Amino acid sequence: MSRLVVVSNRVALPRDRSARAGGLAVGVLSALRRARGLWLGWSGETVEEPAVAPKVIHSGGLTYATIDFTPAEFDAYYNGYCNSTLWPLLHYRLGLVEHSRAYQDAYMRINARFADHLAKLVRPDDIIWVHDYQLMALPGELRARGLKNRIGFFLHIPLPGPEIFCALPAHGLLMRSLAQCDLVGFQTEPDLRAFRDYALHEAGGALRNGTIEMFGRTLRAGVFPIGIDVDEMQELAVEAEHEEETRRLVDSLSGRQLIIGVDRLDYSKGILGRIEAVGELLSSHADYRNRITFVQIAAPSRIDVKRYRSLRREIEATAGRVNGRHAEIDWVPVRYLNRVFPRRQLAGFYRVARLGLVTPLRDGMNMVAKEYVAAQRAEDPGVLVLSRFAGAAREMNGALIVNPFDTAEVAEAIDRGLRMTVEERRERWKGLMATLKRNDLARWSDSFLEALTDLHQAAA
Ligand code: ADQ
């Protein structure tokens with residue numbers, strides 16, 4: 001069995017693996033454990049003089065190799081190109097894109113540095129799996145160093161069509177790099193379509209026998225929707241339901257119905273519109289006054305990026321305005337908590353919430369939608385209201401699917417969800433759970449790695 005080498009911007013080191021670690025880290029780790037693999041990425045530290053070689057540690061049968069950035073590199077590569085250029089662009093938000101040659105150069109330099117380190121660590125029959133938008137230039141850099149290994153790339157966030165993607169001055173550089181992979185994976189069909197459209201209409205490529213030909217290479221691309229560890233979330237929720245924090249939450253509701261939103265504080269998540277929708281519901285349906293509580297938990301994220309700081313202020317102002325308008329002396333409709341909670345506590349909160357409100361304006365998948373469903377009680381499950389622009393909406397048609405740009409529609413869906421009979425809730429939940437179990441986290445990494453392995457054998 002070949003060794004698996006995973007490369008991602010961040011590495012979840014055993015010592016930092018807090019109660020928060022979830023999603024990607026868990027999925028990647030289980031695959032790495034089976035292959036006794038190597039994980040390379042940024043340590044999370046910035047230092048004035050990064051070491052010339054990665055710091056390597058061995059733990060639990062795995063090897064972790066981490067590199068540091070200088071503060072200036074972190075600023076231009078991570079805050080700059082990754083999160084002020086690529087992130088808004090790939091989430092269809094051209095108006096928010098900040099571009100500069102300095103950001104782009106830093107991104108290319110860091111990707112090249114990852115390649116330098118990897119070239120020294122990798123063995124000829126290793127399988128390399130590169131993750132996400134921070135490392136789109138890496139496959140090209142690896143081939144430029146003569147690596148012949150199987151290379152797979154998975155994009156966790158959306159890929160817009162060429163009309164948007166080509167606004168990026170480096171679109172050709174990044175796509176040429178992805179073309180150096182053997183397999184490129186996306187969350188949904190529209191993302192894959194965007195990639196194929198680029199190959200056909202921008203790169204002058206062709207689609208043949210299930211492969212894509214572009215920039216002189218033949219590669220495969222496919223859809224691999226990421227899932228969650230359903231059993232883990234269910235267990236956490238069952239255990240947490242009767243624990244202190246969940247009890248405190250339930251007691252504080254005094255019998256009111258709980259609506260919950262949980263996100264990283266990010267403009268792609270649609271938090272502002274969601275708070276507005278709750279306000280709209282209270283305006284249009286006065287009977288909900290003093291009968292519902294909306295808890296919005298937003299984890300601080302990318303706080304060095306200006307747009308994220310201004311979003312935080314806008315959320316505070318919007319929550320304040322809705323509360324100012326609708327609150328009563330013994331009740332506030334919106335509770336906004338700007339912090340991280342342990343996964344276990346989140347699981348308990350999901351379980352006691354009658355409605356999960358997940359309304360991103362654009363999202364690769366959205367794990368919260370899946371976590372909320374997995375945490376429900378089979379006999380009395382809550383309702384998921386889900387944006388059609390979350391990748392998860394493609395699989396989760398038992399949710400109430402909404403357009404997050406239409407505040408009135410979101411308000412109506414909340415109303416419908418809160419009035420839904422227990423029979424309908426159970427029916428919908430059963431269907432959603434069947435999908436979650438079928439497409440769980442293990443299936444995601446297994447199917448990606450199987451596809452990457454098979455195609456190489458086919459070519460050999
Ligand atoms: P994210 O944009 O980070 O992920 P998401 O998929 O929702 O978005 O995952 C967020 C994770 O963080 C969830 O596991 C959630 O429980 C956790 N989380 C959120 N708020 C928290 C809080 N306040 N405290 C503690 N934990 C919190 C990117 C893409 C997504 C894609 C994933 C995985 O943007 O579209 O689904 O990668 O591929």
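Not measured: the values here are computed from a predicted model. Counting starts at 1 for both ligands and their atoms, in listed order.
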*Heavy atom of Trp87, distance to ligand 1 below 4.0 Å*: yes

*Please state whether Tyr350 comes within less than 4.0 angstrom of ligand 1, counting heavy atoms only.*
yes

*Given Ala298, Ala347, Ala299, Pro158, which one has a non-hydrogen atom that is nearest to atom 21 (C) of ligand 1?*
Ala299

*Any chance you could measure Ile271, atom CD1, to Gln296, atom CD, to the nearest 0.5 Å?*
5.0 Å

*asked:* Could you work out, with salt bridge (charged side-chain N to carboxylate O under 4.0 Å, His left out) as the rule, every residue matching Asp105, not counting sequence neighbours?
replied: none

*Judging by distance only, is a nitrogen or oxygen of Val262 under 3.5 angstrom from one on ligand 1?*
no

*asked:* So Phe153 and His131, do their side chains get closer than 4.5 Å, heavy atoms only?
replied: no

*Per-atom contacts of ligand 1 with Gly364, taking only distances under 4.0 Å to non-hydrogen atoms*: 35 (O)

*Are Tyr92 and Phe389 near enough that their ring centres are under 6.0 Å apart?*
no

_Which option wins on minimum heavy-atom distance to atom 7 (O) of ligand 1: Met367, Glu371, His131, Gln187?_
Met367

*Looking at residues at least two apart in the chain, or sitting in another chain, which of them share a ring pair (Phe, Tyr, Trp, His ring centres under 6.0 Å) with Tyr350?*
none

*Check each atom of ligand 1 against the heavy atoms of His156 and keep those under 4.0 Å away; list them by number with element.*
29 (C), 31 (C), 33 (C), 35 (O), 37 (O), 38 (O)

